Amino acid sequence: MKYCPKCKEIMSLKQIDNQLFYVCDSCGYKEPYDTSNLYVDVVREERVLVLQKDTTAEPTVKVECPKCGNDEAYTWIVQTRSGDEGGTVFYRCTRCKYTWRVYT
Ligand SMILES: [Zn+2]
Ligand SMILES: [Zn+2]
């Protein structure tokens with residue numbers, strides 16, 4: 001997690017022109033992302049995203065869980081704030097709670 005040096009809001013990781021930036025949704029400040037620790041950070045941000053999510057309020061769809069073969073999962077879409085990039089569709093298996101995602 002990284003905080004904006006200007007307004008102290010949490011910055012989000014975004015891909016702009018095939019480069020990664022930390023972008024502050026509040027004031028628009030951005031800075032290039034150091035890709036040397038890319039894997040660790042992306043994984044950490046996804047986990048935060050997933051943990052914060054209360055899936056029990058989400059609709060379920062018929063989709064096969066890649067882990068246990070169950071055919072029902074909660075689904076939700078994470079949209080970037082700019083709206084011109086595609087959203088990411090998340091699924092969470094209703095049985096084993098395995099979470100995976102699909103890019104749109
Ligand atoms: Zn800011
Ligand atoms: Zn499952």
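This one's a predicted model, so the numbers in the text were calculated from it and none came from an experiment.
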With the side chain counted from C-beta on, respond yes when Tyr22 and Leu13 share a heavy-atom pair under 4.5 Å apart, and no when they do not. yes

Heavy-atom nearest pair, Glu64 first then Gly69, reads CG-O, 3.9 Å

Ring centers of Trp76, Tyr74 separated by less than 6.0 Å: no

Take Thr75 and Phe90 through the test side-chain contact (heavy atoms from CB on, under 4.5 Å) and record every step on the way to the result. CA-CA 6 Å; Thr75 184; Phe90 281 81; over 6 Å; no

Residues forming a ring-ring contact (aromatic ring centres under 6.0 Å, His included) with Phe21, sequence neighbours excluded: none

Give, for atom OH of Tyr3 and atom CD1 of Ile10, the distance between the pair rounded to the nearest 0.5 Å. 4.5 Å

So NZ of Lys67 and CH2 of Trp100: to nearest 0.5 Å the spacing works out to 11.0 Å

Should Lys97 and Cys68 count as side-chain neighbours, where that means a heavy-atom distance under 4.5 Å? no

Do the side chain of Thr94 and the main chain of Glu72 share a donor and acceptor less than 3.5 angstrom apart? yes

Let's go through Asn70 and Tyr98 carefully: what are the C-alpha distance in whole Å and the side-chain angles of both, what is the deciding distance for side-chain contact (heavy atoms from CB on, under 4.5 Å) to 0.1 Å, and is it a yes or a no? CA-CA 10 Å; Asn70 185 32; Tyr98 177 70; over 6 Å; no

Going by side-chain contact (heavy atoms from CB on, under 4.5 Å), name the residues that satisfy it together with Glu9, two or more places apart in sequence or in a different chain. Cys7, Cys24, Ser26

Nearest-0.5 Å distance that lies between atom CG in Asp71 and atom CZ in Arg95: 8.5 Å

Got Lys14 and Lys30 here, is their nearest side-chain heavy-atom distance under 4.5 Å? no

